[in-house]
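The chains referred to below are lettered A, B, ... by the order of the sequence lines, with proteins before strands, and numbering in each begins at 1.
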Protein chains: 2
Amino acid sequence: MAKRFSPDKYVDGILAGDRVMLSRAITLVESRLPSDQELAQQVINQVLPKAGNSVRIGITGVPGVGKSTFIEAFGNYVIQEQGKKLAVLAIDPTSQRTGGSILGDKTRMELLSTNPQAFIRPSPAGKSLGGVTRSTRESIILCEAAGFDVIFVETVGVGQSETAVHAMVDFFLLLMLAGAGDELQGIKRGIMEMADAIAITKSDGSNIDKARVAKAEYQNALHLYPMAASGWLPQVSTCSALKQTGLPDIWGTISDYLELTQQNGFFQQKRRDQNLQWMYEAIRQGLEENFYAHQQVKQQLPGIAEAVKTGQKSAFAAAAELLKLV
Amino acid sequence: MAKRFSPDKYVDGILAGDRVMLSRAITLVESRLPSDQELAQQVINQVLPKAGNSVRIGITGVPGVGKSTFIEAFGNYVIQEQGKKLAVLAIDPTSQRTGGSILGDKTRMELLSTNPQAFIRPSPAGKSLGGVTRSTRESIILCEAAGFDVIFVETVGVGQSETAVHAMVDFFLLLMLAGAGDELQGIKRGIMEMADAIAITKSDGSNIDKARVAKAEYQNALHLYPMAASGWLPQVSTCSALKQTGLPDIWGTISDYLELTQQNGFFQQKRRDQNLQWMYEAIRQGLEENFYAHQQVKQQLPGIAEAVKTGQKSAFAAAAELLKLV
């Protein structure tokens with residue numbers, strides 16, 4: 001096991017912007033050892049007053065949309081042209097199973113991964129979705145305390161993790177390919193309606209016209225959506241990571257969103273709601289972990305679940321039966 | 001308190017299609033009394049093998065879209081032209097607070113409420129969303145056992161109940177007004193992507209052209225959506241309850257959907273998944289009810305929640321603190 005330090009040493013290192021200490025603190029957060037978990041909580045509670053001063057941006061899109069290339073280009077733009085410090089985190093509970101992984105291969109982000117103003121952390125290995133989202137949310141706090149003022153949370157647009165990411169970011173950016181209207185792209189239903197902005201990627205060369213058409217189509221479709229509680233109308237842009245075009249537009253959209261929502265109070269309210277939501281979520285996870293780890297429940301669950309699935313037992317009778325076991 | 005019978009008496013009555021006994025069994029399901037709850041579970045478990053032979057259709061739309069009028073017209077069509085027996089249930093956890101209520105005023109469904117082939121039951125009073133959805137789901141089982149082969153579950157498209165309804169029906173129909181693209185209509189985000197079909201209501205008189213334009217717009221927008229797991233592409237129709245037009249089209253869409261999904265197995269799989277989902281949901285509800293009813297938790301929750309909201313305490317530390325109390 002790697003060496004552990006006192007909570008103060010982690011805290012001092014993080015607040016001084018020490019990337020090695022930041023990395024080690026994130027390792028604590030990702031650890032399953034109860035002693036590490038306790039240490040992590042001490043560190044987090046100490047740095048918490050220094051966290052929160054960032055823009056948290058969720059970025060999603062299916063494989064093939066060019067997510068790594070976009071993050072590399074947009075990340076460098078944010079650092080160089082906007083003078084920001086950028087942390088890139090990932091949520092990908094499937095990466096261990098499929099072998100492939102987002103952010104797993106840092107060589108796909110050559111410039112960003114060697115930039116001293118950037119901090120890149122792949123999705124933690126061997127965890128459930130609940131575990132990954134918890135680690136990522138706590139890592140956001142640590143990165144903010146270390147002075148990173150833009151946080152990208154990357155996720156792959158095919159699973160459940162988007163809802164979790166949406167609940168931990170200020171702004172949700174969906175990457176789409178031109179021609180999407182015909183191809184349907186495999187994006188999970190419901191994700192489009194979460195987006196605060198859509199960026200049509202790979203808008204270069206012979207793709208430019210297609211991207212322009214797609215932009216108009218999506219902008220029309222988004223107009224049909226109900227108004228968001230933020231008062232914000234989602235925007236569509238085109239961009240090319242290859243040609244470095246469209247990136248200022250996307251940053252401009254994010255800035256407009258922040259201006260609007262910080263003025264009308266939605267930004268602050270959303271953060272407070274998210275905090276509370278995560279508390280209730282953590283309570284739920286704790287209760288369920290204890291319940292499903294119970295010996296009797298473990299033994300009887302498979303048989304009862306089968307009876308429910310096939311309609312031999314009602315869902316509520318089955319639940320009552322299982323709840324009586326603990 | 002009303003008289004209670006033996007489980008067998010309820011079961012025999014329901015299976016014989018006795019509407020009074022069906023009503024009384026639903027009253028048991030809606031009761032908070034533990035003795036009623038136990039009796040209800042016995043009845044449900046006994047009729048369960050006879051349930052399931054229906055098409056469960058969720059119908060939603062904001063106030064003003066003409067939901068009651070649509071259900072009256074479409075319900076009568078389904079009974080008279082398709083020879084079905086129809087039960088109409090409602091999920092509206094807000095109806096007690098606002099005074100107004102869906103299905104509360106049966107006079108808005110004059111024909112249907114006096115039709116011997118129809119059974120109408122308003123949303124149960126004085127219950128939480130969890131309580132309402134549970135009652136409704138159990139009522140579906142009872143209605144099916146009583147021989148109703150089409151079930152409408154009505155909900156108002158502004159709250160959280162749509163997700164719950166979506167998880168208990170086979171087909172989800174969204175009612176929209178023409179001109180929606182401009183007015184945004186107050187439908188909650190995410191609901192449009194749940195819809196298996198959209199019906200543009202009040203397509204009559206001077207409204208016909210607007211409805212036709214709206215239909216084309218929504219059909220285009222739906223094409224941009226990701227493909228549903230069912231393999232089904234959501235359809236858009238126009239209809240008029242007043243002129244009795246468009247109703248066969250909507251029934252045709254539902255029939256097409258059923259044919260497709262029963263052939264590719266999605267229908268059966270969805271039902272099995274829904275059963276299991278409700279079991280896990282009922283377990284979650286049971287665990288949380290016990291937890292939040294705990295004296296210590298009740299006392300400490302408000303202060304801890306406030307500290308989490310304002311960022312003084314991390315969500316996970318707070319959850320751990322509260323979980324230790326029980």
* Asked: Measuring from Lys309(B):NZ to Gln274(A):CD, what's the distance to the nearest 0.5 Å?
  -> 14.0 Å
* Asked: Rounded to the nearest 0.5 Å, how far does CD of Glu138(B) lie from CZ of Phe316(A)?
  -> 5.5 Å
[X], part contacting chain B, at a heavy-atom distance under 4.5 Å:
X: Phe291(A); value: side chain
X: Leu287(A); value: both
X: Leu276(A); value: both
X: Arg134(A); value: both
X: Gln312(A); value: backbone
X: Ile283(A); value: both

* Structure fact -> Of Asn275(B), Ile44(B), Ile304(B), the largest count of non-hydrogen pairs under 4.5 angstrom with chain A goes to Asn275(B)
* Residue selection (most heavy-atom pairs with chain A, distance under 4.5 Å) from Ala51(B), Ala40(B), Ala317(B), Gly286(B) -> Ala317(B)
* Distance-only, no hydrogens or angles: does the Glu193(A) side chain make a donor-acceptor pair with backbone N or O of Glu193(B) under 3.5 Å? -> yes
* Would a distance-only check, ignoring hydrogens and angles, find a side-chain to backbone donor-acceptor pair under 3.5 Å from Asn45(B) to Ser314(A)? -> yes
* **Heavy-atom neighbours of Glu38(B) CD exceed 12 at 6.0 Å** => no
* Asked: Is it the case that more than 12 heavy atoms not belonging to Lys270(B) sit under 6.0 Å from its NZ atom?
  -> yes
* To do: Please tell me if the side chains of Met279(A) and Leu301(B) come closer than 4.5 Å, counting only heavy atoms from C-beta onward.
  => yes
* To do: Apply side chain to side chain contact (heavy atoms under 4.5 Å, CB included) to the pair Asn220(B) and Asn220(A), showing each step before the final yes or no.
  => CA-CA 9 Å; Asn220(B) 273 334; Asn220(A) 273 334; over 6 Å; no
* Could you look at Leu323(B) and say if it's the side chain, the backbone, both or neither that has a heavy atom under 4.5 Å from chain A? => side chain
* Asked: Got a sec, which residues hit side chain to side chain donor-acceptor pair (under 3.5 Å) with Glu288(B), two or more places apart in sequence or on another chain?
  -> Arg284(B)
